[in-house]
Amino acid sequence: MLGLITTLNDAAPVELRELPEPQPRRNEALVAVHAFSLNRGELRSVRNNGVGWVPGQDVAGVVLKQAEDGNGPPAGARVVALTDELGWAQRVAVGSHRMAVLPDNVNFAQAATLPVAGLTALRTLRHGAPVLGKRVLITGAAGGVGTLAVQLAAHSGARVTAVVGRPERGAGLRELGAHEVIEDIGKAQGRFGLVLESAGGASLSHAIRLIEPKGTVVVYGNSSVEPTTLAFADFRGAPNSRVQSFSYFYSEAEERFAPDLALLVALIADGSLRPLIGAERSWREFAPVAEQLRDRRIVGKAVFVVD
Ligand SMILES: NC(=O)c1ccc[n+]([C@@H]2O[C@H](COP(=O)([O-])OP(=O)(O)OC[C@H]3O[C@@H](n4cnc5c(N)ncnc54)[C@H](OP(=O)(O)O)[C@@H]3O)[C@@H](O)[C@H]2O)c1
């Protein structure tokens, strides 16, 4: 089968190569991958994991062979799945507890946006639960996680302030449920019960000064790669507020992956969640799309079709 492997060549960071077929374990299904998405974190791991590695966490496709232990979707089921790696290939082995069946009206490209970004949006918001009536501020709101988090927060009854880098990046965020869209976190007015922060650096130090008493800043990324200084005085005006670190992978038990993925696909199916796909291209056109994502030129998610 074919798969994309890392090269450490910036002009062509991955290339299509012939790879051995996956050998599923007893609890793993064999899935034919139809689409996958690219995460900002994967741009880093493509560089950091050396030559000859097959990346890929977010896949959507069709089960070719059910897990041998009899669990999970049967052969023929259309699914979305979360893998640790190896997903950028024609076929991948995935734990049956890490996939959800797709309703007929959810396509592979939409589903492929969900695993890392959707689980992150859903689970970071849970740190502020209930968000009904709360003011929620989301940095990186035009990104993969951000565009999903804006919608899930608004759908849950929050009043969402979306922070984007440039005015054009905010196009469409109000339609997704944002109450206001600002181009600089420094322009945010008042305090917030929950902040989802992924830019880091000055954005994070500002976010901490925007939190309300007993509120939470969820720190789930550092896209700027800038450090943040922190002083006790920053919490003045917000006693007992919290800075919560977050990893989508370790945030909840393994067996929660399937139900959370099922929840996200159900929200797409009933029209409550609309993944924004800023680029949908063949997996043979990886390099230019990866460059656009790195340069903050993709709104929402970048999806690749395994054609
Ligand atoms: N902890 C976890 O479990 C977890 C899970 C998923 C993602 N993450 C991290 O969360 C962040 C967001 O992920 P994503 O997949 O949504 O990424 P993405 O699609 O690239 O979105 C990131 C957004 O951040 C904004 N941004 C602000 N300052 C930035 C900077 N200095 N450099 C780059 N972008 C900047 C960009 O929007 P503007 O250009 O409009 O500012 C962009 O839309 C990444 O850092 C990622 O590694 C962590």
Side-chain angles (χ1 to χ4, degrees), residues 36-49 55-58 82-84 112-127 137-153 161-173 176 178 181-188 195-207 216-228 243-252 256-257 260-261 264 275-280 289-304:
F36 62 83
S37 78
L38 170 64
N39 297 288
R40 179 164 289 273
E42 288 172 316
L43 293 177
R44 279 192 303 273
S45 37
V46 159
R47 292 183 69 114
N48 295 344
N49 284 5
Q57 293 169 281
D58 295 347
L82 172 75
T83 55
D84 291 333
T113 66
L114 290 177
V116 172
L119 290 169
T120 300
L122 178 69
R123 293 175 169 191
T124 49
L125 284 168
R126 285 183 178 146
H127 282 288
L137 182 133
I138 299 173
T139 64
V145 176
T147 48
L148 295 168
V150 164
Q151 297 179 69
L152 293 172
T161 296
V163 184
V164 296
R166 305 185 304 278
E168 62 272 25
R169 304 273 296 156
L173 291 183
L176 295 185
V181 181
I182 56 178
E183 283 93 56
D184 175 357
I185 192 171
K187 293 185 182 158
V195 178
L196 305 187
E197 214 302 299
S198 63
S203 177
L204 173 56
S205 57
H206 207 99
T216 303
V217 179
V218 182
V219 180
Y220 71 94
N222 185 12
S223 299
S224 69
V225 203
E226 294 291 333
T228 301
V243 177
Q244 169 73 54
S245 76
F246 175 89
S247 154
Y248 81 93
F249 193 83
Y250 295 104
S251 60
E252 296 183 29
R256 294 299 310 161
F257 283 127
D260 278 353
L261 287 171
L264 291 164
L276 284 195
I277 300 178
E280 182 176 341
V289 178
E291 198 177 304
Q292 284 174 37
L293 181 68
R294 189 195 62 211
D295 296 345
R296 301 158 70 169
R297 284 185 280 128
I298 287 183
V299 172
K301 292 286 296 176
V303 172
F304 295 92

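The figures that follow rest on heavy atoms only: side chains count, while hydrogens, waters and symmetry mates do not. In each ligand, atom 1 is the first atom listed, and ligand 1 is the first ligand listed.
A salt bridge does not link E280 to K301: none of the charged nitrogens lies less than 4.0 Å from a carboxylate oxygen. Remark: D260 engages R126 in a salt bridge, criterion side-chain N to carboxylate O under 4.0 Å.
N39 places a side-chain heavy atom less than 4.5 Å from the side chain of D58. Between R169 and V299, some side-chain heavy-atom pair lies under the 4.5 Å cut-off.
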Give a table of atom pairs where an N or O of ligand 1 lies under 3.5 Å from a protein N or O.
unit_1: ligand 1; atom_1: 1 (N); unit_2: Y220; atom_2: O; d: 2.8
unit_1: ligand 1; atom_1: 1 (N); unit_2: F246; atom_2: O; d: 2.9
unit_1: ligand 1; atom_1: 3 (O); unit_2: Y248; atom_2: N; d: 2.7
unit_1: ligand 1; atom_1: 16 (O); unit_2: G144; atom_2: N; d: 3.2
unit_1: ligand 1; atom_1: 16 (O); unit_2: V145; atom_2: N; d: 2.8
unit_1: ligand 1; atom_1: 19 (O); unit_2: G144; atom_2: N; d: 2.8
unit_1: ligand 1; atom_1: 20 (O); unit_2: R40; atom_2: NE; d: 2.6
unit_1: ligand 1; atom_1: 20 (O); unit_2: R40; atom_2: NH2; d: 3.2
unit_1: ligand 1; atom_1: 28 (N); unit_2: R296; atom_2: NH2; d: 3.4
unit_1: ligand 1; atom_1: 31 (N); unit_2: R296; atom_2: NH1; d: 3.3
unit_1: ligand 1; atom_1: 32 (N); unit_2: S223; atom_2: O; d: 3.3
unit_1: ligand 1; atom_1: 37 (O); unit_2: R169; atom_2: NH2; d: 3.4
unit_1: ligand 1; atom_1: 39 (O); unit_2: R169; atom_2: NE; d: 3.3
unit_1: ligand 1; atom_1: 39 (O); unit_2: R296; atom_2: NE; d: 2.8
unit_1: ligand 1; atom_1: 39 (O); unit_2: R296; atom_2: NH2; d: 3.4
unit_1: ligand 1; atom_1: 40 (O); unit_2: G165; atom_2: N; d: 2.8
unit_1: ligand 1; atom_1: 40 (O); unit_2: R169; atom_2: NE; d: 3.0
unit_1: ligand 1; atom_1: 41 (O); unit_2: G165; atom_2: N; d: 3.1
unit_1: ligand 1; atom_1: 41 (O); unit_2: R296; atom_2: NH2; d: 2.8
unit_1: ligand 1; atom_1: 43 (O); unit_2: G143; atom_2: N; d: 3.2
unit_1: ligand 1; atom_1: 43 (O); unit_2: R169; atom_2: NH2; d: 2.8
unit_1: ligand 1; atom_1: 45 (O); unit_2: S223; atom_2: OG; d: 2.8
unit_1: ligand 1; atom_1: 47 (O); unit_2: R44; atom_2: NH2; d: 2.9

T139 and E197: CA distance, side-chain angles, deciding distance, side-chain hydrogen bond (donor to acceptor under 3.5 Å, both in side chains) verdict: CA-CA 5 Å; T139 64; E197 214 302 299; 3.0 Å; yes
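For T120, the side chain to side chain contact (heavy atoms under 4.5 Å, CB included) partners at least two apart in sequence or on another chain are V116, T124, V145, Y220, F246, Y248.
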